[in-house]
Amino acid sequence: VTNGKELLALAASLTPSSSSGCALLDLRNIVSEFHLQSAVMKALVNKSVGKLKTRSVVTEVAYQLSPSTNVQDSNYNPFHVAEDSTLVAIVAFPAPDAAAATTTPFDPAQIQGTRIAASELSSARFQSAAKTEALAKLFKIQPHELTEAASLEDALVTRIGTKDVL
């Protein structure tokens with residue numbers, strides 16, 4: 001995207017409800033479509049069983065992606081859209097009732113840039129050794145975790161899955 005600053009202001013103006021809304025996420029620290037889907041699914045499961053750690057399913061996605069279990073820390077995590085964001089994902093949660101579903105909390109046309117498929121996130125175009133190193137440091141991933149049998153994606157998705165258990 002080319003308008004990260006405007007998106008940051010827009011993200012701040014969105015007031016997510018507990019059942020609908022959208023999250024604007026910076027994709028620099030997302031390694032794959034599965035990584036993002038895992039966080040979204042975990043947020044939806046927590047909502048369905050009444051175990052949200054945050055106030056809404058929208059903010060729960062960022063919390064699940066965050067390396068911290070502190071809700072306050074997750075509000076300032078590297079997955080929120082920033083002024084210098086160039087890769088942005090819109091994670092939309094439609095309203096449960098038909099009347100509210102006709103209004104959209106966010107217009108995707110407000111993003112200036114090129115759309116890509118989420119499946120492209122794991123392509124070499126968006127991955128680098130520096131990104132792997134930075135994420136390993138951010139999530140405290142030990143070198144032995146990144147072996148031939150396991151990948152960075154595996155380590156990150158495992159952390160999402162076990163976040164509420166540990």
Side-chain angles (χ1 to χ4, degrees), residues 1-14 16 20-47 54 56-68 73-95 101 104-143 145-163:
V1 298
T2 58
N3 62 333
K5 190 173 185 177
E6 291 85 10
L7 293 177
L8 180 62
L10 179 64
S13 71
L14 294 174
S20 66
C22 69
L24 293 174
L25 301 172
D26 190 325
L27 292 177
R28 285 181 283 199
N29 295 317
I30 304 286
V31 296
S32 68
E33 180 180 15
F34 183 60
H35 180 206
L36 181 57
Q37 288 174 339
S38 297
V40 171
M41 182 55 73
K42 183 80 181 278
L44 290 171
V45 167
N46 284 357
K47 180 187 177 301
T54 64
S56 73
V57 70
V58 173
T59 55
E60 188 78 8
V61 173
Y63 169 76
Q64 292 300 331
L65 288 168
S66 170
S68 174
D73 290 347
S74 70
N75 289 330
Y76 304 101
N77 78 35
F79 297 97
H80 286 287
V81 69
E83 285 188 18
D84 62 342
S85 295
T86 56
L87 290 170
V88 175
I90 305 168
V91 180
F93 298 95
T104 308
F106 174 73
D107 180 11
Q110 294 172 293
I111 294 181
Q112 298 171 0
T114 306
R115 282 186 175 194
I116 63 163
S119 59
E120 286 187 54
L121 290 175
S122 56
S123 71
R125 177 175 153 200
F126 298 110
Q127 302 303 318
S128 68
K131 181 176 183 176
T132 300
E133 188 176 313
L135 285 173
K137 183 177 179 181
L138 178 67
F139 284 90
K140 298 179 177 102
I141 297 171
Q142 301 300 313
E145 291 181 79
L146 301 177
T147 63
E148 290 179 18
S151 66
L152 178 62
E153 177 187 56
D154 295 334
L156 294 173
V157 170
T158 299
R159 280 164 171 73
I160 291 170
T162 59
K163 188 170 201 168

Undergrad: Taking the side chain as every heavy atom from C-beta outward, state whether E6 and I111 have any pair of such atoms under 4.5 Å apart.
TA: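 Of all side-chain heavy-atom pairs linking I111 with E6, none is under 4.5 Å.
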Undergrad: Could you grab the distance from atom CG of L36 to atom CG of L25, nearest 0.5 Å is fine?
TA: 6.5 Å
Undergrad: Crowded around Q112 CD? As in, over 12 foreign heavy atoms under 6.0 Å?
TA: yes
Undergrad: When K42 is tested against each of N46, V45, V40 for side-chain contact (heavy atoms from CB on, under 4.5 Å), which residue passes?
TA: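 It is N46; the other options fail the test.
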Undergrad: Does K163 make a cation-pi contact with Y63, if we ask for NZ or CZ under 6.0 Å from the ring centre and within 45° of the axis?
TA: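 Output yes; distance and angle both within limits.
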Undergrad: Report yes if the side chains of L152 and I141 come closer than 4.5 Å at any heavy-atom pair, otherwise no.
TA: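 The answer is yes; the side chains approach within 4.5 Å.
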Undergrad: Would you say the side-chain atoms of E60 and T54 include a donor-acceptor pair closer than 3.5 Å?
TA: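 Yes, T54 and E60 have a side-chain donor paired with an acceptor closer than 3.5 Å.
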Undergrad: Do V31 and L156 touch side chain to side chain, with heavy atoms closer than 4.5 Å?
TA: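 Heavy-atom side-chain distance check passes, below 4.5 Å.
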Undergrad: Within the structure provided, determine whether V1 and T114 are in side-chain contact (heavy-atom separation under 4.5 Å).
TA: no
Undergrad: Nearest 0.5 angstrom please: L27 CG to E33 CD, how far?
TA: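 Here the rounded value is 11.0 Å.
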Undergrad: Q64 side chain to V61 main-chain N or O, any donor-acceptor pair under 3.5 Å?
TA: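 A pair under 3.5 Å: no.
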Undergrad: If you round to the nearest 0.5 Å, how far is CD of E153 from OG of S38?
TA: 7.5 Å
Undergrad: Heavy-atom count around F139 CZ within 6.0 Å, excluding the residue itself: above 12?
TA: yes
Undergrad: Could you tell me whether the side chain of S66 and the main chain of A62 form a donor-acceptor pair under 3.5 Å?
TA: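 Flag not set: sc S66 to bb A62 has no pair under 3.5 Å.
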Undergrad: Could you walk me through whether L65 and I160 pass the side-chain contact (heavy atoms from CB on, under 4.5 Å) check?
TA: CA-CA 7 Å; L65 288 168; I160 291 170; 4.2 Å; yes
Undergrad: So which heavy atom on H35 is nearest to which on V157, and how close?
TA: CA-CG2, 3.9 Å
Undergrad: Quick one: pull up CD in E145 and CZ in R159 and give me the separation to the nearest 0.5 Å.
TA: 4.5 Å
